[in-house]
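Structure record follows, encoded as structure tokens.
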Amino acid sequence: EVRSGVGVTGLIVDPDRGRVPVVTGVRLDDGTAIEADTVVAATGRRGPVDAWLADVGVEIDEKIVQSGLMYLSRWYELPDTPAIDMDAKLGGDLGFVKYLGVPGDGETLSITLAVRTSDKDLRSALSDDAGFERACRALPGPDRFFRNGPLEPIGGVRPMGGLLNRRRRFVDESSDPLVLGFHALGDAHTCTNPLYGRGCSIALVQAIHLADAFGEHGDDVVERARAFEAAAATHIEPWFDVSVQMDRLGADPAGFGGRSSEDDAGDVGAAAPTNDAARGMGAVFAAAATDPIIGRALARFMNMMATPADLMTDGATMTRMAEVMANPDDYPLPPREGPRRSELLALLADPETDPDIDPDPADQEAVA
């Protein structure tokens with residue numbers, strides 16, 4: 001039975017079932033109680049799972065690492081004529097801004113710009129509808145949408161913050177469940193920076209493991225919880241860890257891979273590699289474009305077909321990566337295409353500024 005238009009305000013527990021709380025249902029916002037053998041919370045990253053559990057005396061182990069990014073998105077309707085080149089890859093990363101244009105259903109498209117939460121000037125300028133569109137016209141990829149005339153916007157610029165990485169554990173250090181009859185799924189359990197596009201896949205993997213736990217342990221709520229959380233530790237937590245690491249290499253302003261975008265140094269590429277580790281990893285990604293061993297390995301990794309541990313135990317992959325990282329100058333990063341931060345801010349401040357910024361490629365900075 002699907003009930004729409006109703007909200008859940010909390011969990012119902014049986015106070016007489018032992019020291020570990022046993023969830024026996026949920027309470028709706030109209031006061032109705034719904035009994036259940038098991039409650040599965042698939043409430044997303046903003047769902048109040050932690051508050052529900054705290055209300056019944058359960059404190060879960062939670063680790064949160066901010067991504068350092070926020071999104072600004074706007075939707076448009078495509079014109080009837082002329083046709084627009086809907087290339088599937090319309091994204092890029094200039095260090096101080098990441099961007100992506102995505103064709104959608106019903107003759108629509110969306111454009112998303114990601115900026116650092118600390119970059120107040122750029123964030124403010126891009127939050128303005130007119131400023132957002134001027135930026136899109138200056139960024140290689142999204143600019144092609146506007147080459148044949150204006151597009152019809154569907155609403156204004158929509159911000160999205162809270163792009164965090166969060167890992168929750170529902171068992172203690174001895175793998176004993178902290179709550180029974182209750183499971184969290186997807187972002188309600190573990191969420192990663194949505195920049196990497198793994199949220200739906202992680203949720204689906206977890207759903208399969210939860211189904212397996214039910215199949216193997218049935219009504220044994222203790223062993224079912226242990227099995228599900230053990231699967232999460234093995235198959236889900238590594239993606240939390242790698243998301244945090246990747247943020248530090250590029251997105252996280254507190255990480256070791258970039259500079260603060262308020263610093264004028266960010267004007268020449270805020271995410272430029274600033275130490276040997278970042279330079280080495282940048283060379284690995286550059287080499288993946290032509291090296292079959294590294295290319296296949298990273299494709300499997302990015303599509304969640306191989307965990308970081310799988311790559312670490314692949315002798316051929318690790319050998320090639322070590323060779324590349326030892327000689328990063330042999331694998332230069334591609335030149336940056338697009339405006340510098342100062343140029344983009346000048347354009348947003350003065351609509352009369354020419355948006356067709358096309359600097360000499362020989363004068364470009366390589367950006368991770």
Side-chain angles (χ1 to χ4, degrees), residues 68-74 76 84-85 87 89-102 109-151 153 156-159 195 249-253 255 257-274 278-279 282 285-286 332-368:
L69 292 176
M70 69 163 298
Y71 290 169
L72 296 159
S73 297
R74 198 177 194 192
Y76 295 89
I84 292 177
D85 178 13
D87 189 331
K89 184 178 181 181
L90 299 172
D93 183 356
L94 299 181
F96 61 90
V97 61
K98 305 173 191 293
Y99 54 92
L100 182 65
V102 181
L109 63 91
S110 71
I111 301 175
T112 294
L113 310 180
V115 298
R116 294 180 175 178
T117 54
S118 59
D119 194 343
K120 296 179 181 179
D121 292 340
L122 193 56
R123 184 179 67 194
S124 175
L126 295 177
S127 297
D128 175 71
D129 291 349
F132 183 92
E133 186 161 321
R134 287 199 297 273
C136 291
R137 292 174 180 271
L139 296 172
D143 63 331
R144 73 185 59 186
F145 290 143
F146 300 91
R147 288 176 183 172
N148 297 320
L151 301 179
V157 177
R158 294 175 169 88
L195 178 72
L249 283 170
D252 180 5
R259 306 185 185 106
S260 170
S261 53
E262 284 87 5
D263 186 351
D264 286 340
D267 187 43
V268 294
T274 56
R279 285 185 68 230
F285 277 89
L333 297 174
R336 179 178 66 180
E337 297 180 6
R340 299 171 183 269
R341 179 174 176 271
S342 59
E343 292 171 331
L344 185 59
L345 283 172
L347 169 64
L348 300 180
D350 182 4
E352 300 302 320
T353 303
D354 182 7
D356 297 323
I357 300 168
D358 186 21
D360 182 357
D363 191 39
Q364 294 302 287
E365 296 281 343
V367 178

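A pairwise comparison of heavy atoms in C136 and I111 identifies SG-CG2, 3.6 Å as the closest pair. When every heavy atom of E337 is checked against every heavy atom of L94, the shortest pair comes out as O-CD2, 3.3 Å. Nearest heavy atom pair, residue P159 against residue M70, reads CB-CE, 4.0 Å. Taking both residues in full, the closest heavy atoms of P339 and F96 are given as O-CZ, 3.4 Å, listed atom of the first, atom of the second, then distance. Taking both residues in full, the closest heavy atoms of A286 and P332 are given as CB-O, 3.8 Å, listed atom of the first, atom of the second, then distance. Considering every non-hydrogen atom in both P140 and G338, the closest pair reads CD-CA, 3.9 Å.
Taken to the nearest 0.5 Å, the CG atom of L347 stands 10.5 Å off from the CZ atom of R137.
Under the side-chain contact (heavy atoms from CB on, under 4.5 Å) criterion, A135 pairs with L113, L126, L344, L348, not counting sequence neighbours. Remark: Y76 pairs with F146 by the ring-ring contact (aromatic ring centres under 6.0 Å, His included) rule, at least two apart or across chains. With sequence neighbours excluded, the residues satisfying side-chain hydrogen bond (donor to acceptor under 3.5 Å, both in side chains) with T112 are S73. A search for side-chain contact (heavy atoms from CB on, under 4.5 Å) contacts involving D128 returns A130, not counting sequence neighbours. Partners of S124 under the side-chain contact (heavy atoms from CB on, under 4.5 Å) rule, at least two apart in sequence or in another chain, do not exist in this structure.
The shortest distance between side-chain heavy atoms of L333 and F285 does not fall below 4.5 Å. Proximity of D119 to D121: side-chain heavy atoms (C-beta onward) are separated by under 4.5 Å at one or more points. Between L72 and R158 there is no side-chain heavy-atom pair separated by less than 4.5 Å.
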